Asker: 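Shown below is the structure under consideration.
Computed from a predicted structure; not experimentally measured.
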Protein chains: 2
Amino acid sequence: MSEFGELLRNLRKQRKVTQRQLAERVGIDFTYISKIESSTMDPPAEDKIIRISEVLQVEPEELILAAKKVPKSFQRLITENKEIPVFLRKASDLSSAQWRKIKEIIDEEGEG
Amino acid sequence: MSEFGELLRNLRKQRKVTQRQLAERVGIDFTYISKIESSTMDPPAEDKIIRISEVLQVEPEELILAAKKVPKSFQRLITENKEIPVFLRKASDLSSAQWRKIKEIIDEEGEG
DNA sequence: GTAGTTGTTGACATATTACTCAACATGTGT
DNA sequence: ACACATGTTGAGTAATATGTCAACAACTAC
């Protein structure tokens, strides 16, 4: 249940930034930030999330995923690469042992 | 560039269904089908795509992916499972050899 | 107490997505 | 010719996502 709003508020406070400062640097209204942080409103669109991540110096992907959105970069991968949907269909059933092996493989150097 | 519209039209014709028949069974206007098939309009929302897939007897996922959308089931996986984003970040760089090994692993019986 | 700073709230506005409706064109059979 | 079935097109609508604006509340420092 990790809320996007909660995460955003924590990050913002850690960076000692006010809602108005953040909003101005992102290019949106500060009252919107307020509502997002309180989960009164849904997380903003991906481009705004990316701006936020730049201002707050976090990985965009972290915020996008916390917003329960699929990063557009992933979307392209998934819809363009035939292998990936095959993988994802099975992904929820993988044991931790299987995940471990998979990680070993993807951490190998690519060999062609 | 496999167009959703083209695929839809081919499937529909193979099934000997008219635009009006399909539209009625799906619960949308037949002129919408026309525009989708001619790629005048974007593919419909996921729920409509699923209805279409039921009527035309194809895997929903096939149509959803052809529409360049990420199935909601995948969205949940990606945003809820920590391992998957890690995997996807690397996925575009995987060699076919690596893919082969990964497939072997996911085809094992789950052991934990 | 009042001026400045920060955050909240409700109503409203804009943009984007996802469709519908009326009219028409194009065949096909009789 | 006409009727009927099928598909196309342009304009308009509905729904949803994404925001803004004006007003106010709460705190801090002077």
Asker: I'd like to know whether CD of A/E83 has more than 12 heavy-atom contacts from other residues, nucleotides or ligands below 6.0 angstrom.
Answerer: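 Yes.
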Asker: Could you tell me whether A/E54 and A/R25 make a salt bridge, using a distance below 4.0 angstrom between a side-chain N and a carboxylate O?
Answerer: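 Judged by the 4.0 Å cut-off on N to carboxylate O distance, A/E54 and A/R25 do not form a salt bridge.
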Asker: Using a 4.0 Å cut-off to any heavy atom of chain B, which nucleotides of DNA chain C are the first and last in contact, reading 5' to 3'?
Answerer: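 Range of nucleotides within reach of chain B: C/dA18 to C/dA22.
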Asker: Quick check: are there more than 12 heavy atoms from other residues, nucleotides or ligands sitting under 6.0 Å from CD of A/E59?
Answerer: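 No, the 6.0 Å shell around CD holds no more than 12 heavy atoms from other groups.
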Asker: Which pairs, with at least one residue in residues 69-81 of chain A and sequence neighbours excluded, count as a side-chain hydrogen bond (donor to acceptor under 3.5 Å, both in side chains)?
Answerer: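 The answer is none; no pair qualifies.
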Asker: Under the side chain to side chain donor-acceptor pair (under 3.5 Å) rule, collect the residues that match up with B/S53, sequence neighbours excluded.
Answerer: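 With sequence neighbours excluded, B/S53 shows a side chain to side chain donor-acceptor pair (under 3.5 Å) to no residue whatsoever.
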Asker: Report yes or no: does B/Q98 contribute a side-chain atom to a donor-acceptor pair with the main-chain N or O of B/S95 at less than 3.5 Å?
Answerer: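 Judged by distance alone, yes, a pair lies under 3.5 Å.
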Asker: Over the length of the helix from C/dG1-D/dC30 to C/dT30-D/dA1, how much do the five-pair end axes diverge, rounded to 10 degrees?
Answerer: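 Between the first-five-pair axis and the last-five-pair axis there is 0°.
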Asker: Using a 4.5 Å cut-off on heavy atoms from C-beta on, say whether the side chain of B/L11 contacts that of B/V17.
Answerer: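 Side chain of B/V17 against side chain of B/L11, heavy atoms only: no contact under 4.5 Å found.
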Asker: Among residues 25-55 of chain A, which ones have heavy-atom contacts with DNA chain C below 4.0 Å?
Answerer: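 Output list: A/F30, A/T31, A/S34, A/K35.
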Asker: Between A/R9 and A/E6 (salt bridge meaning N to carboxylate O under 4.0 Å), is one present in this structure?
Answerer: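 Not counted as a salt bridge, because no side-chain N and carboxylate O are separated by less than 4.0 Å.
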Asker: Report the relative orientation of the aromatic rings in A/F87 and B/W99; use parallel for angles under 30°, tilted for 30 to 60°, perpendicular for over 60°.
Answerer: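 The rings of A/F87 and B/W99 stand perpendicular, inter-plane angle above 60°.
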Asker: NA contact type, A/K16, heavy-atom cut-off 4.0 Å: base, sugar-phosphate, or nothing?
Answerer: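 Answer is nothing: A/K16 stays at 4.0 Å or more from every strand.
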Asker: Restricting to ring-ring contact (aromatic ring centres under 6.0 Å, His included), what partner residues turn up for B/Y32, sequence neighbours left out?
Answerer: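 B/Y32 satisfies ring-ring contact (aromatic ring centres under 6.0 Å, His included) with no other residue.
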